[in-house]
Amino acid sequence: MDIIYKSTRGDKREYTASEAIIKGLCDDGGLFVPDRFPKFDFDLAELAELDYRQTAFRVMKEFLTDYSDEELLDCINKAYDDKFDDKDIAPLVKKGDQYYLELFHGKTIAFKDMALSILPHLLTTAMKKNNDDKEVVILTATSGDTGKAALAGFADVKGTRIIVFYPKGGVSRIQELQMVTEKGKNTRVIGVKGNFDDCQSGVKEIFNDEELKKELAGKGYEFSSANSINIGRLIPQVAYYVYAYGRMVKNGAIKAGEELNFVVPTGNFGNILAAYYAKRSGLPLGKLICASNENKVLFDFFKTGRYDKNREFILTSSPSMDILISSNLERLIYFACGCDTGKNAELMKSLNEKGIYELEGKMREGLKDFYGSYAGEDEVFSTIKSVYEETGYIIDTHTAVAAAAERKYRAEGLDENKCVIVSTASPYKFTRNVMKAIGQESGEPDDFFLIDKLGELSKVKVPPAVEEIRNAKILHDTVCEVSEMKEIVRSSL
Ligand SMILES: *Cc1c(COP(=O)(O)O)cnc(C)c1O
């Protein structure tokens, strides 16, 4: 039986997976959720023998039920190929006593490549399936990594255009260079004078603007989102949790069926939500440890049941997690409410109007698979340093938030499960802070000098993604106010 996608906020219309991928966001502002979770029926011991593409196929087939096997295989083969600089695509490595799932071997050396390398193919296939001949316009707000990953995925893909908004001054130099040097003819990159939440709210507003939508439909355009709210982003991410589980069985770290924990450096709650989907679909996972940086809204939420975004926004060394409104959390709240869309809509309205909502006792039960943790800036830096000193392995600032959380979780002694740290970015993406942490930065103005030095210290070759931007020309230099975002979109089309 097909899995149907519906809104978290009460709109009763039903969508197939491909329709939901085209639409991105529901008309009532809600997010698409599956009407039920599939039951993975793969043999866990057999799973250990599958490669990444085979695993992705098994997993995605369960959720994207209106795609044919041929269509899915075609998308998977186009996405997970030699664009990745490791043949395992998502290698699981052991350093010291720690397991790391490295999700940074794609084109932009961060985990968003895992989903954004396949989304354009899922989307263009969906358009074909639904006889939709409009040109898709991807609108994306980025806290740094989504932007370039989306640009790389959609660049020069026929029938698509992409406009990316990023917080000017709120992303790393390397992240900004990656975006503003993008060559794709169908791309636009715009710096916004505001933070990530401003960019994201601006994009949501454009999506919800019926008048603008109509105007553009008249010109043959249709909006879609490459943000992590699109189920075409979420579902491909379920695959690497299943894959990592298989690797842990294969290397003898766990037995098939044994519970495994994951620690996930979290911002918009997309990555860790995929782990939750894997668990609900039958993968034997234990705790999902949600690691936040100093913007610890989620830590407070898991502790108290109260979500409160009314606080200072802190710029940290892990900018891709500097987020006060974690959009994908709504999908968890929806399940925690027992799929009560009325209740969920009420909570989201409260979030929108007051910046706060609170779960009642019974609903908090629905959060029991999660454990919230956070790391302050000092801990992030000291963790990078100690991991390096103990193992020679150099982790990035986001991964370090998770590694610090893992230590705290261990120290609490809540269970004996093995734990995998989800490694979301290459240290080459956040070189300056990483080098600072290991005592190798002394104010050199040139990031590339530090990059070369990091290469010597880590004995890991500078990835092609970084070499590419070393001498690239800046092609995008527009900066705008939050209030101008809509006009920019209108005038771009
Ligand atoms: C986006 C991102 C995160 C946060 O992932 P979410 O799915 O938004 O929770 C963590 N680390 C890096 C490097 C990222 O790019």
Side-chain angles (χ1 to χ4, degrees), residues 31 100-117 119 140-152 164 166-167 170-172 174-175 178-179 196-197 199-200 225-231 233-238 240-241 262-277 288-293 295-299 301-302 316-332 370 372-375 380 384 395-405 421-431 433-434 465:
L31 309 189
Y100 297 87
L101 177 64
E102 293 188 349
L103 301 180
F104 56 75
H105 290 278
K107 278 195 92 151
T108 72
I109 58 175
F111 102 95
K112 292 186 179 66
D113 290 327
M114 297 304 297
L116 280 165
S117 53
L119 179 69
T140 290
T142 181
S143 57
D145 285 338
T146 304
K148 180 61 188 188
L151 289 163
V164 171
Y166 72 95
V171 302
S172 86
I174 299 292
Q175 287 177 317
Q178 284 187 322
M179 290 191 277
F196 170 68
D197 288 327
C199 296
Q200 179 153 270
S225 150
N227 266 18
S228 61
I229 48 177
N230 193 308
I231 59 139
R233 287 268 309 270
L234 185 59
I235 302 306
Q237 293 176 179
V238 179
Y240 50 73
Y241 289 100
F262 280 98
V263 196
V264 187
T266 297
N268 220 7
F269 210 74
N271 196 354
I272 197 167
L273 186 76
Y276 177 71
Y277 274 33
L288 308 176
I289 300 157
C290 173
S292 302
N293 65 21
N295 294 293
K296 59 182 184 56
V297 189
L298 288 166
F299 169 78
F301 170 67
F302 284 115
T316 72
S317 60
S318 43
S320 304
M321 297 159 65
D322 288 344
I323 288 173
L324 295 179
I325 303 174
S326 301
S327 304
N328 264 301
L329 187 65
E330 178 171 347
R331 288 189 163 109
L332 176 63
F370 293 85
S373 186
Y374 82 99
V380 169
I384 295 173
I395 58 176
D396 99 291
T397 45
H398 301 75
T399 308
V401 172
I421 295 167
V422 175
S423 181
T424 50
S426 158
Y428 281 106
K429 199 151 191 177
F430 302 94
T431 312
N433 280 321
V434 167

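Since we're looking at a predicted model, the values are computed, not measured. Just follow the structure's listing: the first ligand is 1, and inside any ligand the first atom is 1.
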Write out each pair where an N or O from ligand 1 and one from the protein are under 3.5 Å apart, with the distance.
from	atom 1	to	atom 2	distance (Å)
ligand 1	7 (O)	G270	N	3.1
ligand 1	7 (O)	N271	N	2.8
ligand 1	8 (O)	N268	N	2.7
ligand 1	9 (O)	G267	N	2.8
ligand 1	9 (O)	N268	N	3.2
ligand 1	9 (O)	F269	N	3.0
ligand 1	11 (N)	T424	OG1	2.8
ligand 1	15 (O)	K112	NZ	2.5
ligand 1	15 (O)	D145	OD2	2.4

Problem set entry | Test item: T266 side-chain N/O and S292 main-chain N/O as donor-acceptor pair under 3.5 Å | no

Seminar exercise, completed: So CG of N295 and CD1 of I325: to nearest 0.5 Å the spacing works out to 12.0 Å

Could you give the side-chain donor-acceptor pairs of residues 105-112 under 3.5 Å, partners two or more places apart or in another chain?
from	atom 1	to	atom 2	distance (Å)
H105	ND1	D85	OD1	2.6
H105	NE2	E102	OE1	2.7
T108	OG1	D113	OD1	2.9
T108	OG1	D113	OD2	3.0

For this session: Take F370 and Y276 through the ring pair (Phe, Tyr, Trp, His ring centres under 6.0 Å) test and state the conclusion after the steps.
Result: CA-CA 9 Å; F370 293 85; Y276 177 71; 5.4 Å; yes

Exercise. If only atom types and distance count, is the side chain of S326 paired as donor or acceptor with the main-chain N or O of G267 below 3.5 Å?
Worked result: yes

For this session: Would you please indicate if the ring centroids of F269 and F301 are separated by under 6.0 Å?
Result: no

